[in-house]
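Please read the structure below before turning to the comments.
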Amino acid sequence: MALRTNLASLIKAGGRWRWLPVSEYSSLPPVLNNICSRRKSTAPEKIVASVCDTKGRTPEKALDKLFSPEQQASILHVLNTASDKELEAFRLLRGRKSVNIVEHRKKFGPFQSLESLTDVSLIQYKTAVQVCNSILCPESGRKKKSQEKWLLGKFIKPGVERERIKAANSIISIVFGTRRIAWAHLDRKFKVLDWQQAECWKLTNRIYPSSVYLQEISSVISKMPQADLYILEKSGPSIHNTSLFPILLHFLIIEAMLYALLNKTFAEDGQHRVLSMNRNAVGKHFNLMIGDTRTSGRELVKQLLSDSVLKEEPRVFFPLDRVVQYRQKILKDSHHIEELYDSLLQAVAFYELALGKGSEAQE
């Protein structure tokens, strides 16, 4: 049995006060119990499902006793008037529980007491307490905002506020490989303003001097239009694979130079205009992943081009005078323009994920 030292073990022995161990479960007077015990949590008190009899059963009308008459009236009003879709906005009422509440209401009439909520299928006493608490103090808006912020932080680095993305008139999505750099310029209405690529160096087993990288990247940037935000694809081989170290270093140098050359005003206002987006997040958004491997986006891009001509409200709007040109390029150089496909898909995924449109990236 566990032992502890407390006030009850203080006795006088041999003319001196001494501490002796006393069982933790020994009985103490109520006053001493209050003095010696400590609460482990300092969190504010919440209404919890703790009203039970000696056999662990909840006494009659125990749920109603947890809430004031005004609170009961507010909860009952929601339970008796809200549709199943409206009930799903509250914690623990998603899915079948909200449907069961509406069906119970239709079959037996309006809820007359909170206790009658436990008569609904799938809702027990403890769940009923949590449901009542969530109706009184809804957190759905705060949770949604927190989830949106978490989602942005998950696939976009460094962190950027959603308001800045919504305010951006256009973005440029940049994807680079070992031989070329491609970019897609989209406005917030998903209209393609520019979409092209440039041939650069051919990676060998040696590392190019920094001056060569500067010349190549500066030449590419000079061809790009201005945009409010620049999105770089974040990818690269594992750092643990030493044989791929030259490629990894190549990607890191390009990324660093693009950050420096495109973030022209960062030193003045501290605002990031160049962001990195996870490559696999884009792949998952468009269902292009097979295990941990991302497949080509060629067919998807062809479909986006066709939809731009055939559909009244396409996912992406291409200039009509360039659709034929883009299609011919895909057919002619299908195996050499993966960066071009990826730059467009990254731009679309960025807007859709950041603005809450389309499907969301999954784990």
Side-chain angles (χ1 to χ4, degrees), residues 156-158 160-177 179-201 213-235 251 253-277 279 282 297 301 304-305 308-309 314-330 333 336-355 357:
I156 297 176
K157 300 293 182 180
V160 60
E161 294 295 331
R162 189 178 296 269
E163 287 70 22
R164 281 194 60 201
I165 298 176
K166 290 181 178 180
N169 291 318
S170 69
I171 63 169
I172 290 183
S173 167
I174 303 173
V175 173
F176 48 85
R179 298 182 59 181
R180 58 186 65 89
I181 296 180
W183 64 90
H185 187 198
L186 263 70
D187 65 14
R188 57 185 173 188
K189 294 182 179 180
F190 291 81
K191 181 180 179 180
V192 178
L193 306 176
D194 189 29
W195 185 34
Q196 56 180 298
Q197 69 177 18
E199 296 287 335
C200 295
W201 48 83
Y213 280 93
L214 180 61
Q215 293 171 9
E216 293 280 1
I217 297 175
S218 296
S219 174
V220 172
I221 290 178
S222 67
K223 302 174 185 177
M224 293 182 183
Q226 295 293 317
D228 296 304
L229 293 173
Y230 299 86
I231 317 302
L232 310 183
E233 181 184 69
K234 186 66 175 179
S235 64
F251 288 154
I253 292 175
I254 296 176
E255 183 182 38
M257 287 198 168
L258 286 171
Y259 262 96
L261 294 174
L262 293 173
N263 256 328
K264 298 178 181 178
T265 60
F266 181 76
E268 302 171 8
D269 55 21
Q271 293 288 330
H272 288 281
R273 289 172 176 79
V274 182
L275 311 171
S276 293
M277 186 169 182
R279 173 177 171 81
V282 179
V301 171
L304 292 176
L305 278 167
S308 181
V309 177
R315 195 170 186 177
V316 181
F317 297 87
F318 291 88
L320 293 179
D321 59 338
R322 296 187 186 180
V323 170
V324 175
Q325 174 188 344
Y326 290 148
R327 180 177 289 277
Q328 289 177 344
K329 184 172 183 60
I330 291 175
D333 303 318
H336 305 285
I337 55 174
E338 286 296 332
E339 290 88 355
L340 195 66
Y341 308 144
D342 292 346
S343 64
L344 176 66
L345 296 179
Q346 178 174 263
V348 176
F350 175 84
Y351 265 134
E352 289 184 341
L353 289 168
L355 301 179
K357 298 181 179 180

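Here the structure is a predicted model, which means the values were calculated and not measured.
Counting heavy atoms from C-beta on, the side chains of Ile174 and Met224 come closer than 4.5 Å.
Of the inter-residue distances, the one linking Ile171 atom CD1 with Leu193 atom CG reads 10.0 Å to the nearest 0.5 angstrom. The CD1 atom of Ile330 sits 5.5 Å away from atom OH of Tyr341, with the distance rounded to the nearest 0.5 Å. One finds the CG atom of Leu262 at 8.0 Å from the CD1 atom of Ile172 (value rounded to the nearest 0.5 Å). Expressed to the nearest 0.5 Å, how far CZ of Arg322 lies from CD of Gln328 amounts to 14.5 Å. Considering CD1 of Ile253 and OH of Tyr213, their distance stands at 4.5 Å, rounded to 0.5 Å.
By the side-chain hydrogen bond (donor to acceptor under 3.5 Å, both in side chains) test, Asp269 pairs with Arg273, sequence neighbours left out. Every residue two or more places apart in sequence or in another chain that forms a side-chain hydrogen bond (donor to acceptor under 3.5 Å, both in side chains) with Gln196 is listed here: Asp194. Every residue meeting the salt bridge (Lys or Arg N to Asp or Glu O under 4.0 Å) condition with Glu339, not counting sequence neighbours, appears here in chain and number order: Arg180. In this view, His185 and Ser170 satisfy the side-chain hydrogen bond (donor to acceptor under 3.5 Å, both in side chains) rule, not counting sequence neighbours. Judged as a side-chain contact (heavy atoms from CB on, under 4.5 Å), and not counting sequence neighbours, the contacts of Ser218 are Leu214, Leu261. For Glu255, the side-chain hydrogen bond (donor to acceptor under 3.5 Å, both in side chains) partners two or more places apart in sequence, or in a different chain, are Lys234, Ser276.
Phe190 and Tyr351 have tilted rings, their planes meeting at an angle from 30° to 60° on a 0 to 90° scale. In this structure, Tyr326 and Phe318 have perpendicular ring planes: the angle between them is above 60°, well past the 30° mark.
Residues Ile254 and Ile217 share a closest heavy-atom pair of CA-CD1, 3.9 Å. Residue Leu344 comes nearest to Val301 through the heavy atom pair CD2-CG1, 4.1 Å, listed as atom of the first residue, atom of the second, then distance.
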- Task: Would you check, one step at a time, whether the test side-chain contact (heavy atoms from CB on, under 4.5 Å) holds for Arg164 with Leu229?
- Result: CA-CA 9 Å; Arg164 281 194 60 201; Leu229 293 173; 3.6 Å; yes
- Before giving the answer on side-chain contact (heavy atoms from CB on, under 4.5 Å), spell out for Tyr230 and Ile221 the whole-Å C-alpha distance, their side-chain angles and the decisive distance to 0.1 Å. CA-CA 11 Å; Tyr230 299 86; Ile221 290 178; over 6 Å; no
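In terms of modelled atom types and a separation under 3.5 Å, the side chain of Glu233 and the main chain of Gln346 share no donor-acceptor contact.
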